[in-house]
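Along the sequence shown, residues are numbered consecutively beginning with 1. Since the structure is predicted, the reported quantities are computational estimates derived from the model, not experimental observations.
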Amino acid sequence: MQAFQDYYPENVSHCYGCGRLNEHGHQIKTYWEGDETVTRFQPRPEHTAIPGFVYGGLLASLIDCHGTSTAAAAMYRAENRSMDSLPAFRFVTGSLQVSYLKPTPLGPVLEIRGRVKEIKGRKVVVEATVYADGVATARGEVIALQMPETFASQ
């Protein structure tokens, strides 16, 4: 099964969080699991905030990119299109809100689960929760906006 990000055109595959062509980035991979989307990510030692815990900025970036990739997949699903069909849907962040529920331990694989709250025109609202060993540690909402074609060509 291919991840959502595997379908991104090359000109929009350089994002630090989700770009498969960014060798220094997170290169997250997101999939459908029923009506939810899921990303699993293994934090590395450089993602430390204080010894033993993950840096909050990492969690925000995971929620951000999980949200925009979920938005793209949701738009394809809403239009009954395969993710390799053109024109390609690609989203950017219009708003990102993150609440840190408890410290996130460094060590376990993190699981980010998302749900689409709303699709309205070129806007998709996604709620995502980060789990460490099954415990919710951060929750966020991404307002994703469909990227204009001219944005990718600059």
What is the minimum heavy-atom distance between Gly57 and Tyr100, and which atoms define it?
N-OH, 4.4 Å
Shortest non-hydrogen contact from Asn22 to Cys15?
CB-O, 3.7 Å
Does any pair with a residue in residues 44-63 pass salt bridge (charged side-chain N to carboxylate O under 4.0 Å, His left out), and if so which ones, sequence neighbours excluded?
Arg44-Glu46
What residues form a side chain to side chain contact (heavy atoms under 4.5 Å, CB included) with Leu96, not counting sequence neighbours?
Ala60, Ile63, Asp64, Thr93, Val98, Val142
Interatomic distance, CG@Leu59 vs OG@Ser99, rounded to 0.5 Å, equals 12.0 Å
Taking salt bridge (charged side-chain N to carboxylate O under 4.0 Å, His left out) as the cut-off, I'd like each qualifying pair that reaches into residues 78-102, sequence neighbours left out, listed once.
Glu79-Arg81
Taking only residues at least two apart or on different chains, which pairs with a member in residues 53-79 satisfy ring pair (Phe, Tyr, Trp, His ring centres under 6.0 Å)?
Tyr76-Phe89
Verify, without hydrogens or angle tests, whether Glu111 (side chain) and Gly134 (backbone) share a donor-acceptor contact under 3.5 angstrom.
no
Could you pull out the closest heavy-atom pair between Thr137 and Ala132, with the gap in Å?
CG2-CB, 4.2 Å
Applying salt bridge (charged side-chain N to carboxylate O under 4.0 Å, His left out), can you list everything that pairs with Glu141, at least two apart in sequence or on another chain?
Lys117
Between Met1 and Tyr31, what is the shortest heavy-atom contact and its length?
SD-CD2, 3.4 Å
So NZ of Lys29 and OG1 of Thr39: to nearest 0.5 Å the spacing works out to 10.5 Å
Please identify each residue that fulfils salt bridge (charged side-chain N to carboxylate O under 4.0 Å, His left out) with Arg20, with sequence neighbours left out.
none
Answer yes or no: is there a side-chain heavy-atom contact under 4.5 Å between Tyr8 and Ser69?
yes
Determine which pairs satisfy side-chain hydrogen bond (donor to acceptor under 3.5 Å, both in side chains) with at least one residue from residues 126-135, sequence neighbours left out, and list them in order.
Thr129-Arg139
Nearest 0.5 Å please: distance from the OG1 atom of Thr104 over to the CG atom of Leu58.
9.0 Å
Group every Ile, Leu, Val, Met, Phe, Trp and Tyr by side-chain heavy-atom contacts under 4.5 Å, then state whether Tyr7 and Val126 land in the same group.
yes
Would you give the length of the straight line joining atom CG of Leu145 to atom CZ of Phe91, rounded to the nearest 0.5 angstrom?
8.0 Å
List for me each residue that meets side chain to side chain contact (heavy atoms under 4.5 Å, CB included) alongside Ile119, sequence neighbours excluded, and say none if there are none.
Ala74, Met75, Ala78, Val116, Val124
Looking at residues at least two apart in the chain, or sitting in another chain, which of them share a side-chain hydrogen bond (donor to acceptor under 3.5 Å, both in side chains) with His26?
Ser61
Please list, chain by chain and in numerical order, all residues satisfying side chain to side chain contact (heavy atoms under 4.5 Å, CB included) with Gln42, sequence neighbours excluded.
Val109
Just how far is it from atom CG of Asp35 to atom CZ of Arg77, taken to the nearest 0.5 Å?
6.0 Å
Verify whether one side chain among Gln5 and Thr30 offers a donor that lies under 3.5 Å from an acceptor in the other.
yes
Atom CD of Glu23: over 12 foreign heavy atoms under 6.0 Å
no
Test salt bridge (charged side-chain N to carboxylate O under 4.0 Å, His left out) applied to Glu118 - qualifying residues, sequence neighbours left out
Lys123
Other than Tyr16, which residues form its hydrophobic cluster under the rule that side-chain heavy atoms must be closer than 4.5 Å?
none
Mind checking whether Ile112 and Leu106 sit in one hydrophobic cluster, side chains of I, L, V, M, F, W, Y counted as touching below 4.5 Å?
yes
Looking at every non-hydrogen atom in both residues, tell me the closest pair between Ala144 and Ala71 and how far apart they are.
CB-CB, 3.6 Å
Can you tell me how far CZ of Phe4 sits from CD1 of Ile28, rounded to the nearest 0.5 angstrom?
10.0 Å
